[in-house]
Amino acid sequence: APGQVGTYRNCDLIAIVIDLSANVEEQMLICLDFLESRSLLIDSETPEHDSHGNALGKKAFCICTKSDIAKPGALESLKKFCKYPFEFVEISAMTDDGLEGLAEKLFNLLEIIRIYSKPPGKSADMTDPFTLPVGSTVMDLATTVHRQLAEKLKFARIWGTGVYDGQNTQRNHILNDKDVIELHFS
């Protein structure tokens, strides 16, 4: 379906879900056949973007469900069968095994950080962070907040990793997950 392929092209990460209690090779073969036939996975033939900057292949990983009733050796068999270096995450909805770490795993695979904004003289908004790619700077945040206003960034203060609370910081300072930033515009 063209709409479904478009959804994959615009996503950030593809999760392949495999039931460990069933035939893992057959499931993976069906999933890979669909994804490969539409050039949706990053590999030696499919880069992340074409020469015009259009999205092509995507990063993917594998969620392996029903780990509580998996056939012996199912995960090992799946890993041997799969030609891609996917991360494999075992979970069980029945026992909750692996579910606690799933959100963190997704977060790491997406390579994003959460940045909280603090209006000058007010408390930080710790409920609705900005999400930015790992390696983003104070200026990247300012541009995300308001593209035109970003050029008028006078200075910023930061609370977070490797800084003292309220420290003035440069536009090119690289942000860390859960930093709190106070932007001051002229």
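Quick note: residue numbers are just sequence positions, from 1.
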S.K.: If hydrophobic clusters are built by linking Ile, Leu, Val, Met, Phe, Trp and Tyr wherever their side-chain heavy atoms come under 4.5 Å apart, do Val145 and Ile113 end up in the same one?
M.R.: yes

S.K.: How far does CG of Leu153 sit from NE2 of His146, to the nearest 0.5 angstrom?
M.R.: 13.0 Å

S.K.: Taking only residues two or more places apart in sequence, or in another chain, which ones meet Asp125 in a side-chain hydrogen bond (donor to acceptor under 3.5 Å, both in side chains)?
M.R.: Thr127

S.K.: Is the closest side-chain heavy-atom distance between Gln4 and Arg38 below 4.5 Å?
M.R.: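 A side-chain contact under 4.5 Å is absent here.
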
S.K.: Which heavy atom of Ser92 sits nearest a heavy atom of Ser67, and at what distance?
M.R.: CB-OG, 3.5 Å

S.K.: Given 3.5 Å as the limit, does a donor-acceptor pair link the side chain of Lys58 with the main chain of Tyr8, or not?
M.R.: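 Judged by distance alone, no pair lies under 3.5 Å.
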
S.K.: Within the 4.5 Å heavy-atom criterion, are Asp68 and Asp97 side-chain neighbours or not?
M.R.: no

S.K.: What's the shortest heavy-atom distance between Val24 and Leu78, and which atoms?
M.R.: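 In this case the closest contact between Val24 and Leu78 is O-CD1, 3.8 Å.
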
S.K.: To the nearest 0.5 angstrom, please state how far the OG1 atom of Thr65 sits from the CG atom of Leu20.
M.R.: 6.0 Å

S.K.: For the residue pair Cys62 and Phe86, what are the closest heavy atoms and their distance?
M.R.: N-CB, 4.4 Å

S.K.: Decide yes or no on side chain to side chain contact (heavy atoms under 4.5 Å, CB included) for Val17 and Gln27, but give the supporting numbers first.
M.R.: CA-CA 9 Å; Val17 181; Gln27 294 173 76; over 6 Å; no

S.K.: For Lys66, does its backbone N or O pair with a side-chain atom of Asp19 as donor and acceptor, under 3.5 Å?
M.R.: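 Flag not set: sc Asp19 to bb Lys66 has no pair under 3.5 Å.
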
S.K.: If Ile, Leu, Val, Met, Phe, Trp and Tyr residues are connected whenever their side-chain heavy atoms lie under 4.5 Å apart, and connections chain through other members, are Val134 and Ile181 in the same group?
M.R.: yes

S.K.: Write down the atom of Met28, the atom of Cys82, and the distance for their closest heavy-atom approach.
M.R.: CE-SG, 4.2 Å

S.K.: Which of these, Lys118, Lys154, Lys122, sits in a salt bridge (charged side-chain N to carboxylate O under 4.0 Å, His left out) with Glu182?
M.R.: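 Answer to the salt bridge (charged side-chain N to carboxylate O under 4.0 Å, His left out) test with Glu182 among Lys118, Lys154, Lys122: Lys118.
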
S.K.: Check Ile158, Asn172, Leu183, Ile174 against Val138 for a side-chain contact (heavy atoms from CB on, under 4.5 Å) and give me the one that passes.
M.R.: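 With Val138 as partner, Ile158, Asn172, Leu183, Ile174 yield a single side-chain contact (heavy atoms from CB on, under 4.5 Å), made by Leu183.
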
S.K.: Are the side chain of Asp179 and the backbone N or O of Ile115 linked by a donor-acceptor pair below 3.5 Å?
M.R.: no

S.K.: When you compare the side chain of Met94 with that of Ile69, does any pair of heavy atoms fall below 4.5 Å?
M.R.: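 Not touching, per the 4.5 Å side-chain cut-off.
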
S.K.: Check for me, please, whether Leu13 and Leu35 land in the same ILVMFWY cluster - side-chain distances under 4.5 Å, paths through other members count.
M.R.: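 Leu13 and Leu35: separate clusters.
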
S.K.: Are Ile18 and Phe88 close enough, and set up right, to give a side chain to side chain contact (heavy atoms under 4.5 Å, CB included), and what steps lead you there?
M.R.: CA-CA 10 Å; Ile18 302 292; Phe88 293 84; over 6 Å; no

S.K.: How many angstroms lie between CH2 in Trp159 and CD in Gln167, if you round to the nearest 0.5 Å?
M.R.: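 Output value for this atom pair is 10.5 Å.
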
S.K.: I'd like to know if Ile30 and Ile63 are part of one continuous hydrophobic network [Ile/Leu/Val/Met/Phe/Trp/Tyr, side-chain heavy atoms within less than 4.5 Å].
M.R.: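 No.
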
S.K.: Would you say Lys105's side chain and Val89's backbone share a donor-acceptor pair under 3.5 angstrom?
M.R.: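 Absent.
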
S.K.: Say you draw a straight line from CZ of Phe130 to OH of Tyr116; how long is it, rounded to the nearest 0.5 Å?
M.R.: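 Answer for the CZ-OH pair, Phe130 versus Tyr116, is 12.0 Å.
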
S.K.: I need the minimum non-hydrogen distance between Ile42 and Tyr84, along with the two atoms involved.
M.R.: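 Where Ile42 meets Tyr84 most closely, the heavy atoms are O-CE2, 4.0 Å.
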
S.K.: Could you measure the distance from the CG atom of Leu109 to the CD1 atom of Ile14? Nearest 0.5 Å is fine.
M.R.: 12.5 Å

S.K.: Does a sphere of radius 6.0 Å around CD in Glu25 hold more than 12 heavy atoms from other residues, nucleotides or ligands, not counting ones at 6.0 Å or beyond?
M.R.: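 Result for CD/Glu25: enclosed.
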
S.K.: Between Asp140 and Thr137, is there a donor-acceptor pair closer than 3.5 Å when you use the side chain of the first and the backbone of the second?
M.R.: yes

S.K.: With side chain to side chain contact (heavy atoms under 4.5 Å, CB included) as the test, would you mind laying out the steps for Glu151 and Met139 before giving the verdict?
M.R.: CA-CA 9 Å; Glu151 292 304 318; Met139 194 60 184; 3.9 Å; yes

S.K.: Please report the interatomic distance CG(Asp12) to CG(Leu110), rounded to the nearest 0.5 Å.
M.R.: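 Rounded to the nearest 0.5 Å, the CG-CG separation comes to 6.0 Å.
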
S.K.: Apply side chain to side chain contact (heavy atoms under 4.5 Å, CB included) to the pair Leu175 and Leu141, showing each step before the final yes or no.
M.R.: CA-CA 9 Å; Leu175 301 169; Leu141 173 66; 4.1 Å; yes

S.K.: For a quick test of reading the model, state the closest non-hydrogen atom pair linking Phe107 to Arg114 and the distance between them.
M.R.: CZ-NE, 3.3 Å

S.K.: With Arg147, which of Thr143, Thr144, Leu149 fulfils side-chain contact (heavy atoms from CB on, under 4.5 Å)?
M.R.: Thr143

